Amino acid sequence: MSNVTIKKIHTELLDIPIKRPHQFSTEKVSSKSFVFIRIELSNGIVGIGEGTTPGIWWNGESVETMKLVIDKYVIPLLLNEDPSYIEKLLKTVDRQIRVNPFAKATVEMALFDALGKLYNVPVHQLLGSLYQDKIPVRWALASGTVDGDVQEAKKYVSSNEYVNFKTKSGKEIPEEDAKRNLQIAEGMKGVSTIGIDPNGSWDRITTIKWMDQFFEAGIDFLEQPLSPRDIEGAAMLVDMKKVPVMADESLATVQDAFLLAKEKAANIFSLKIHKSGGMKNTIKIAGIAEAAGISCFGGTSLESSIGTAACLHALASVPNLDYGSELFGPTWLADDPVKEPLYFKDGFIHVPNKPGLGVELDEEKVAKYRRKEQGEVIV
Ligand SMILES: [Mg+2]
C-alpha cells in the first residue's frame, strides 16, 4: 500500500494527422483520434495514458465512447482510492462496467505510469521485468496498390528501417485479395515477405483454396483471415499445417486465449493491450500461449509513443514473442505528442527505461491537436 490517493482524473480528445492515408478493410483514414487521460495523485504525481482504436468497426469502441465510459463510470470508482491496488481497482471496474476493454486499458496505462513514477521504476519492472530491451518492428503496407506496396517495402529494406512487412486486406473480394497479396509477395521475392491481415473478411473456401500458393510464396502468416467467431474454421486452417494462422480480432480476453488454445485454432496470438483491457491481461494471455506452444506477436492499435510505450513495457517480459511486433504507430503518425519519441533503430523499437511509461507529454502539441468541441467529431 502507498500513503497517497487518486485525487483527480481528466480526459480529453485529440486528432493527430498521419503521414499518408491508410487503407483498412473497411475505411481509409487520414488522421488518428485519441483519448488522453491524466490521473493526478494526492502527492502531485501525474500518470498519463492514451486510448485509441483502429476505428469503431474494429471492436465497437471509439475515442468518444472511451471518454464517456471513463468520465461517467470509471472516474467515480477510482477517486480517493490507493493507486497501488491497481489489480483490485481494475477488478472493481470490471464488475461495474461490462466489456469496453479499450477504455479500461487507457485507465490502467495511466495508473501504472503514476505508480512507476511513485516508486521510481519503469513500468516493465512492475509488470514482470525484462526478457528483452528491444523488439523487432514489422511495417504494414497499405498504399492501396501492388506496385506502391512493393516499392515501399524495397525502400524500407534498402534503408534497413524495416525488413519485415504485413499487408492490410479485405477491401476487395477475397479472391482478388488473395491474388493481390501473391503479386506483392512475388514482387518482393528475394528481398522480404509479408504476413496478410484481412481483418476477418475472408471465407473458409477461398482461404483453403489459396493456402498452398500462400505457403509456396513464403507468406509469413495469415492474420485473422476468417470471422472472429469462426473458431472451427480457424482450427481447420491450422490443421492444414501450411501458413501459420494468427488470432487477432478473435482474441481479447484470457478466456478467448484459453478457448483458442484448447480448440487448436491459432499458431500465433496477436497481443494488443487495448483489446485485452490492459498490459496485465496481455501478459496473462502470453502465459496461456506459452503453455499451449503458441507464438506471440506484438500487435498495435496504432498508438502514439504513449500507448506504444505501454505496449513495450508489457511485451518486454514476454519470452515467446517469436514474430516480433508491428509497433510502428509513432512513426506512422505525422506528429508524436511527446517531448522525446520512442527510439527506433535498424528495425527495432527500444523499451523505455525511465520511471513510469518513460515518455512525457508535449503540452504544446497536445494543445495543437486538442479537439475543439470535445463532444463532437470534426470531419
Ligand atoms: Mg489485425
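Quick caveat: nothing in here was measured; it's all calculated off a predicted structure. Both counts, for ligands and for their atoms, begin at 1 and track the order of listing.
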With no hydrogens and no angle check, just 3.5 Å: does a side-chain donor-acceptor pair link Glu249 and Asn199? yes
Closer than 2.8 Å to the Mg ion (ligand 1) - protein N, O or S atoms, ordered by chain and residue number: Asp197 OD2, Glu223 OE2, Asp248 OD2
Between Glu40 and His10: side-chain donor-acceptor atoms closer than 3.5 Å: no
N-O pairing of Lys241 and Asp239 below 4.0 Å: yes
Hydrogens and angles aside, do Thr193 and Asp220 bring a side-chain donor and acceptor to less than 3.5 Å of each other? no
Any donor-acceptor pair under 3.5 Å linking the side-chain atoms of Ser276 with those of Asn281? no
Using only heavy-atom distances, determine whether the side chains of Thr331 and Tyr162 contain a donor-acceptor pair under 3.5 Å. yes
